[in-house]
Colleague: 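Sharing a structure, written as structure tokens. Questions coming.
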2 protein chains.
Amino acid sequence: MGRRSDNADAEARATLSDVAARAGVSPSTASIAFSGQGPVSDSTKARVRAAAEELDYTGPDPLARSLRTGRSGIVGALIPQRIGTSFRDPVIIQTLDGLAEELGQGGSGLLLLSERTRDTDRVSIEAAPVDALVLLGCGVSSTTAISVLRRRGVPVITIEGDPEAGVANIDVDNRGGTRLLAGKLRDLGHRDVALVTLPLAIADDLAPLTAAALDAATVRPAVTRTHGARDVFPDAQGIVASGSTIADGRAAGRVLLDVPPSDRPTAIIAQSDLLAAGVVFAAQDLGLSVPRDLSVVGFDGIRIDELPMPLTTVAQPAQEKGTAAGRAVVDLLDGGRPESRCFPVVFEPGATIALPAAR
Amino acid sequence: MGRRSDNADAEARATLSDVAARAGVSPSTASIAFSGQGPVSDSTKARVRAAAEELDYTGPDPLARSLRTGRSGIVGALIPQRIGTSFRDPVIIQTLDGLAEELGQGGSGLLLLSERTRDTDRVSIEAAPVDALVLLGCGVSSTTAISVLRRRGVPVITIEGDPEAGVANIDVDNRGGTRLLAGKLRDLGHRDVALVTLPLAIADDLAPLTAAALDAATVRPAVTRTHGARDVFPDAQGIVASGSTIADGRAAGRVLLDVPPSDRPTAIIAQSDLLAAGVVFAAQDLGLSVPRDLSVVGFDGIRIDELPMPLTTVAQPAQEKGTAAGRAVVDLLDGGRPESRCFPVVFEPGATIALPAAR
DNA sequence: CTGTTAGCGCTTTCAC
DNA sequence: GTGAAAGCGCTAACAG
């Protein structure tokens with residue numbers, strides 16, 4: 001029973017067969033007239049269009065079309081947390097923008113999936129009607145997600161995901177970028193350097209950075225950036241932030257800085273620009289001047305207007321990441337085998353690092 | 001031929017019939033075992049599950065299920081412009097967040113549609129496989145969109161749309177809110193008041209606010225807020241901004257303020273907080289002090305950290321708007337007839353208005 | 001260029 | 001509690 005919402009109005013909607021009948025042609029011909037996928041005489045096409053017009057037929061039912069062709073025209077993007085949270089991060093927005101734009105070129109739409117959906121939902125990763133899925137800097141132990149999708153036969157692309165998974169991965173040079181920043185600090189003479197990391201797992205709390213937590217981490221970039229920092233400062237300790245907002249950075253910064261001066265680091269490596277901005281504010285809260293009393297570096301290269309000085313950071317091509325992921329998806333759907341790639345980052349000198357203050 | 005991507009791997013995926021056969025039951029029984037929509041003995045259910053496991057069957061194909069049930073489980077959101085642009089507006093993000101969250105409760109997913117899709121796209125409003133669509137503060141002459149969707153039988157909800165369209169509309173008190181702010185300015189003694197409006201149509205350019213432009217406007221809130229301002233200052237002139245960012249406001253503000261002092265308004269009513277912030281910056285650029293030399297009011301109630309003082313504005317419940325729209329959609333899909341509603345706004349005193357400077 | 005035939009994979013009466 | 005039958009609306013071979 002029951003197609004559509006059996007709302008008051010609607011006597012059954014016309015189907016392609018109805019249109020074909022009215023135009024005096026077979027359904028297959030009518031189908032071709034609509035899709036252009038085959039030869040039809042102009043006169044026939046016109047007749048079909050006219051019949052459609054009369055019957056108020058707007059085109060093939062996408063649901064039926066999807067079943068028949070095996071394609072829905074929809075690509076899913078799995079984002080961490082809820083929209084309001086994820087979308088506070090400019091990097092995610094830019095990446096999605098690039099992704100959506102590129103998918104649009106291929107005629108596909110973007111379905112937003114949050115990690116938080118219950119699997120009873122009609123549109124969870126185990127049941128969403130998607131032709132492919134992009135895992136976006138996710139804290140799903142992405143191997144789990146990937147295996148579910150593989151079983152479903154849904155192709156996957158990851159952005160900053162686990163490279164081992166045998167899936168094309170669009171990456172940025174998180175390790176090298178952080179190492180570069182750490183190197184600048186070392187060259188200036190910093191030795192007491194602390195980290196403010198991104199959450200290591202979905203829904204992490206503010207906490208010290210422990211080896212155990214790092215081992216259990218599911219958020220790739222957080223781990224990789226930590227490695228990059230430790231390439232230069234092997235013993236660097238730090239704080240795991242509870243998110244990637246200015247407020248989260250401020251809270252983490254306070255923990256690191258609101259201590260006796262002798263225990264205070266001379267520099268802080270924050271794993272995102274928003275976190276770094278928060279650290280700068282935390283320093284200001286405590287009467288410390290940046291960069292005189294404290295050097296701070298970030299990651300991402302987003303502009304943060306509220307900061308009194310430009311941040312020393314590395315810029316990543318967020319939108320291009322999305323575009324590349326989109327292109328990889330389109331390629332995949334065309335039967336190609338897109339390759340992983342890793343974007344370089346670009347150093348932005350800014351004005352938040354300096355020589356360590358004499359003690 | 002060809003189901004799915006005929007990629008190297010995959011020998012044909014198992015179907016529900018395969019599972020049923022293996023479990024020694026009929027397809028209908030297997031279906032019930034999966035969906036829970038009917039009576040099955042526990043033992044049968046277990047057998048079906050086991051067979052599924054063995055065949056690597058993860059559940060019913062969503063495409064087939066959709067065709068059969070007439071529901072895709074997907075709700076579309078039509079946003080103006082591209083993601084990167086729309087999502088710079090915190091109000092849109094919050095609204096989408098509320099919407100997605102509420103839809104998630106109903107088990108539906110959110111498909112992002114941009115007005116900019118070409119109608120040849122597989123997933124345009126003409127052909128997206130959605131159970132319903134939410135028009136989000138759109139500049140589509142929404143009547144057009146609505147009529148397409150009505151013909152398709154896709155139910156629609158609008159957010160700040162045209163109320164006449166015979167569609168449930170989730171609105172906020174744009175007119176009353178702006179009138180309230182204008183009233184404050186009048187009470188302080190302002191008489192030379194200028195407007196910085198939101199774009200009146202998709203992709204508007206910075207331009208003077210003319211009667212013709214206002215008549216041709218497709219973006220509802222821009223029109224309504226203009227009316228609200230003119231309820232108090234009937235002759236107020238102004239500038240149509242080219243977007244709703246701080247930069248757009250700054251540009252518009254410059255046009256209004258970079259004139260001989262005698263031509264300068266003593267107050268500016270901007271139609272969004274971002275525009276208002278831009279106006280404040282434009283004033284500063286010209287050496288004017290806010291609110292001493294110029295009073296500025298906004299609209300929305302978002303926090304703008306980079307501003308040196310809190311903005312005088314009215315706050316709208318952006319997330320609740322989304323939630324309400326989501327609830328309306330769910331209601332609609334349940335066969336209900338959700339009603340339009342209009343949220344009130346709340347005055348936020350801020351510190352950007354004062355008595356007009358003596359001339 | 002057009003029509004015939006078949007079936008995508010599933011859910012849902014309805015009878016047992 | 002289970003099975004048989006029907007068909008959602010469409011497109012893709014293939015034959016004419």
Colleague: B:L67 CG to D:dG9 P: how many Å, rounded?
Modeller: 7 Å

Colleague: Rounded off to whole Å, could you give me the CZ-to-P distance for the A:R71 and D:dT11 pair?
Modeller: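 These atoms are roughly 15 Å apart.
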
Colleague: In whole angstroms, how far is the C1' atom of C:dC8 from the CZ atom of B:R13?
Modeller: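 Roughly 15 Å, once rounded to whole Å.
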
Colleague: Do the ring planes of B:Y57 and B:F34 sit parallel (below 30°), tilted (30 to 60°) or perpendicular (above 60°)?
Modeller: perpendicular

Colleague: What residues in residues 31-60 of chain B put a non-hydrogen atom under 4.0 Å from any atom of DNA chain C?
Modeller: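 Output list: B:S31, B:Y57, B:P60.
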
Colleague: Sequence neighbours excluded, which residues qualify as side-chain contact (heavy atoms from CB on, under 4.5 Å) partners of B:S26?
Modeller: B:S28, B:T29

Colleague: With no hydrogens and no angle check, is any side-chain donor or acceptor of B:D131 less than 3.5 Å from a backbone partner on B:V75?
Modeller: no

Colleague: Tell me whether B:D334 contacts the main-chain N or O of B:G336 through its side chain, where contact means a donor paired with an acceptor under 3.5 Å.
Modeller: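 No, the answer is negative, given that no donor and acceptor are paired below the 3.5 Å cut-off.
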
Colleague: Could you pull out the closest heavy-atom pair between B:A128 and B:V123, with the gap in Å?
Modeller: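 Heavy atoms of B:A128 and B:V123 come nearest at CB-CG1, 3.7 Å.
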
Colleague: Mind jotting down which residue pairs meet the side-chain hydrogen bond (donor to acceptor under 3.5 Å, both in side chains) criterion with at least one end in residues 105-114 of chain B? Sequence neighbours excluded, please.
Modeller: none

Colleague: What is the distance, to the nearest angstrom, from the CZ atom on B:R65 to the C1' atom on C:dC8?
Modeller: 17 Å

Colleague: Among D:dC10, C:dT11, C:dG9, which nucleotide sits nearest the side chain of A:A64?
Modeller: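 Closest nucleotide to the A:A64 side chain: D:dC10.
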
Colleague: Just the rounded figure in Å: distance from C1' of C:dT11 to CG of B:L63.
Modeller: 15 Å

Colleague: Tabulate below the donor-acceptor pairs under 3.5 Å that side-chain atoms of residues 40-52 of chain B make, not counting sequence neighbours, or state none.
Modeller:
residue	atom	partner	partner atom	Å
B:S41	OG	B:S43	OG	3.2
B:S41	OG	B:T44	N	3.2
B:S41	OG	B:T44	OG1	2.6
B:R47	NH1	B:A23	O	2.8

Colleague: Taking salt bridge (charged side-chain N to carboxylate O under 4.0 Å, His left out) as the test, write out the residues that go with A:D18, two or more places apart.
Modeller: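 Result, salt bridge (charged side-chain N to carboxylate O under 4.0 Å, His left out) vs A:D18: none returned.
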
Colleague: What does the list of N/O pairs under 3.5 Å between the protein and nucleotides 14-16 of chain C look like, with a distance for each?
Modeller:
none

Colleague: For A:D171, check salt bridge (charged side-chain N to carboxylate O under 4.0 Å, His left out) against everything at least two apart and list the hits.
Modeller: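 Listed in chain order: nothing, the list is empty.
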
Colleague: From CG of B:D61 over to C1' of C:dC8, roughly how many Å is that when rounded to an integer?
Modeller: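 Taking atom C1' of C:dC8 as the reference, CG of B:D61 is at 9 Å.
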
Colleague: Considering only residues two or more places apart or on different chains, which pairs with a residue in residues 318-333 of chain B satisfy salt bridge (charged side-chain N to carboxylate O under 4.0 Å, His left out)?
Modeller: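 Of all non-adjacent pairs touching residues 318-333 of chain B, those that pass salt bridge (charged side-chain N to carboxylate O under 4.0 Å, His left out) are B:E102-B:R327, B:E160-B:K321.
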
Colleague: Between the opening five pairs and the closing five pairs of the helix from C:dC1-D:dG16 to C:dC16-D:dG1, how far apart are the helix axes, to 10°?
Modeller: 30°

Colleague: Rounded to the nearest Å, what distance is computed from the CG atom of residue A:L16 to the P atom of nucleotide C:dT4?
Modeller: 15 Å

Colleague: Tell me, please, which residues at least two apart from A:R151 pass salt bridge (charged side-chain N to carboxylate O under 4.0 Å, His left out).
Modeller: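 Partners of A:R151 under the salt bridge (charged side-chain N to carboxylate O under 4.0 Å, His left out) test: B:D56.
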
Colleague: Under the salt bridge (charged side-chain N to carboxylate O under 4.0 Å, His left out) rule, collect the residues that match up with A:E54, sequence neighbours excluded.
Modeller: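 Expected list: A:R22.
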
Colleague: What's touching nucleotides 4-7 of chain D from the protein side, N or O pairs under 3.5 Å?
Modeller:
residue	atom	partner	partner atom	Å
D:dA4	N6	B:S28	OG	3.2
D:dG7	N2	B:R68	NH1	3.2

Colleague: In this structure, which one of B:L78, B:I170, B:L133, B:I146 forms a side-chain contact (heavy atoms from CB on, under 4.5 Å) with B:T158?
Modeller: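 Testing each of B:L78, B:I170, B:L133, B:I146 against B:T158, the sole residue satisfying side-chain contact (heavy atoms from CB on, under 4.5 Å) is B:I146.
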
